Asker: 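Submitted below is the structure of interest, expressed as structure tokens.
Note that this is a predicted model, so its numbers are computed, not measured.
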Amino acid sequence: ETWLNDVIPSGVVSISGYVIHRNDRSNGRRGGGVAVFVRQDIPCERLTSLEAADVESVWMLYRRPRMPRALSHVVIGAIYHPPSADDKVMTSHILSSLDSVTRQHPHAGVILLGDFNRLRDGALLSYPLRQVVKSPTRGAAILDKIYTNLQDWYQRPVVLPNIGSSDHNAV
């Protein structure tokens with residue numbers, strides 16, 4: 001959750017050597033929104049066709065010139081699911097977005113990450129994705145999660161203390 005809006009220019013939160021991809025909350029309520037920072041030399045394409053007005057997400061497609069034989073692309077979804085949002089709407093959005101990308105790229109790896117709050121994730125786990133964050137990220141709850149089908153390619157994520165005034169730990 002970024003809390004960015006159209007009054008806040010990207011330059012205020014820019015990081016040297018990175019490109020920011022933002023999807024700010026557009027309904028006038030405070031909070032919300034998501035952003036993804038991508039290193040300038042990493043070939044990523046933003047999939048704006050997957051973004052919808054009723055959910056907060058940014059979708060990226062990553063493809064290096066040389067990928068492992070079993071993997072054609074990596075689709076990355078950054079999600080913010082507000083506590084009061086409709087679980088069915090978010091789950092439907094995520095699954096239809098993943099279906100759309102994997103129809104075009106059947107051997108794509110998936111990394112879905114963000115603040116899911118209390119989203120019921122049975123459908124995501126059946127996709128099949130695995131949730132790999134195992135330590136609490138806010139109080140005793142695991143709200144900030146990473147779902148992936150590439151869990152064997154990486155070490156378990158580390159949960160670190162919060163950054164700035166965030167009430168969530170960093171993953």
Side-chain angles (χ1 to χ4, degrees), residues 1-8 13 20-38 44 46-62 74-103 108-171:
E1 182 182 12
T2 64
W3 285 64
L4 299 174
N5 58 51
D6 58 358
V7 177
I8 302 170
V13 294
I20 185 172
H21 299 274
R22 305 169 40 164
N23 187 359
D24 300 341
R25 180 176 279 177
S26 59
N27 61 9
R29 294 187 353 238
R30 17 176 282 162
V34 291
V36 172
F37 287 89
V38 179
C44 263
R46 183 169 176 181
L47 304 174
T48 56
S49 63
L50 300 180
E51 295 172 15
D54 57 346
V55 294
E56 298 173 51
S57 66
V58 170
W59 294 90
M60 307 296 295
L61 187 64
Y62 169 71
V74 177
V75 59
I76 302 155
I79 304 294
Y80 174 61
H81 181 64
S84 61
D86 187 326
D87 283 2
K88 290 179 185 173
V89 170
M90 178 58 81
T91 300
S92 175
H93 168 72
I94 291 170
L95 294 178
S96 67
S97 297
L98 292 175
D99 284 347
S100 175
V101 173
T102 56
R103 258 192 310 277
V110 174
I111 301 172
L112 183 64
L113 51 93
D115 182 349
F116 291 85
N117 281 296
R118 306 249 184 240
L119 177 72
R120 288 184 293 270
D121 63 359
L124 300 179
L125 297 172
S126 295
Y127 195 74
L129 299 175
R130 183 176 294 162
Q131 199 291 107
V132 295
V133 177
K134 301 301 181 190
S135 300
T137 59
R138 184 169 188 255
I142 302 173
L143 304 181
D144 306 279
K145 300 177 179 180
I146 301 172
Y147 296 89
T148 186
N149 60 358
L150 302 171
Q151 65 273 1
D152 296 330
W153 294 39
Y154 298 95
Q155 293 179 351
R156 180 177 288 180
V158 177
V159 176
L160 301 171
N162 63 319
I163 298 171
S165 60
S166 175
D167 61 350
H168 290 244
N169 291 336
V171 179

Asker: Between Thr148 (side chain only) and Val110 (backbone N and O only), is there a donor and an acceptor less than 3.5 Å apart?
Answerer: yes
Asker: For the pair Arg120 and Thr91, evaluate side chain to side chain contact (heavy atoms under 4.5 Å, CB included) and give the outcome as yes or no after the intermediate values.
Answerer: CA-CA 8 Å; Arg120 288 184 293 270; Thr91 300; over 6 Å; no
Asker: As a quick check of understanding, evaluate side chain to side chain contact (heavy atoms under 4.5 Å, CB included) for Lys145 and Leu119, giving each step before the final call.
Answerer: CA-CA 11 Å; Lys145 300 177 179 180; Leu119 177 72; over 6 Å; no
Asker: Determine, stepwise, if the pair Glu1 / Arg25 fulfils salt bridge (Lys or Arg N to Asp or Glu O under 4.0 Å).
Answerer: CA-CA 10 Å; Glu1 182 182 12; Arg25 180 176 279 177; 5.0 Å; no
Asker: Check for a donor-acceptor pair, side chain of Arg22 on one end and backbone N or O of Asn5 on the other, with a separation under 3.5 Å.
Answerer: yes
Asker: I'd like to know if the side chain of Glu56 reaches the main chain of Gly33, judged simply by a donor and an acceptor atom lying under 3.5 Å from each other, with no hydrogens or angles considered.
Answerer: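 Side chain of Glu56 to backbone of Gly33: a pair is present.
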Asker: Below 3.5 Å, can you tabulate the donor-acceptor pairs from side chains in residues 124-143 to any protein atom, sequence neighbours excluded?
Answerer:
from, atom 1, to, atom 2, distance (Å)
Ser126, OG, Gly122, O, 3.0
Tyr127, OH, Leu98, O, 3.4
Tyr127, OH, Asp99, N, 3.4
Tyr127, OH, Asp99, OD1, 3.0
Tyr127, OH, Thr102, OG1, 3.3
Gln131, OE1, Val133, N, 2.7
Gln131, OE1, Ile146, N, 3.4
Gln131, NE2, Val133, O, 2.7
Lys134, NZ, Gln131, O, 2.9
Thr137, OG1, Leu143, N, 3.0
Thr137, OG1, Asp144, N, 3.0
Thr137, OG1, Asp144, OD2, 2.8
Arg138, NE, Asp167, OD2, 2.9
Arg138, NH2, Asp167, OD2, 2.9

Asker: Which pairs, with at least one residue in residues 132-153 and sequence neighbours excluded, count as a ring pair (Phe, Tyr, Trp, His ring centres under 6.0 Å)?
Answerer: Phe116-Tyr147
Asker: So, for Asn149 and Ala108, which heavy atoms are closest and what is the spacing to 0.1 Å?
Answerer: ND2-O, 3.5 Å
Asker: Quick one: which of Asp115, Asp87, Asn117 gives a side chain to side chain donor-acceptor pair (under 3.5 Å) with His81?
Answerer: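 By the side chain to side chain donor-acceptor pair (under 3.5 Å) criterion, His81 pairs with just one of Asp115, Asp87, Asn117: Asp87.
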Asker: Give the minimum heavy-atom separation between Tyr62 and Cys44, together with the two atoms involved.
Answerer: CB-SG, 3.9 Å
Asker: Kindly give the heavy-atom pair with the smallest separation between Ala35 and Thr2, and that separation in Å.
Answerer: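 Closest heavy-atom pair between Ala35 and Thr2: N-CG2, 3.5 Å.
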Asker: Could you tell me whether the side chain of Ser100 and the main chain of Ser96 form a donor-acceptor pair under 3.5 Å?
Answerer: no
Asker: For the backbone of Val34 and the side chain of Asn23, can you confirm whether one donor and one acceptor N or O come within less than 3.5 Å of each other?
Answerer: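 No.
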Asker: Less than 4.5 Å apart, any side-chain heavy atom of Val36 and any of Trp59?
Answerer: no
Asker: Search all heavy atoms of Ile20 against all heavy atoms of Phe37 and return the closest pair with its distance.
Answerer: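 Answer, listing the atom of Ile20 first, then Phe37: CD1-CZ, 3.6 Å.
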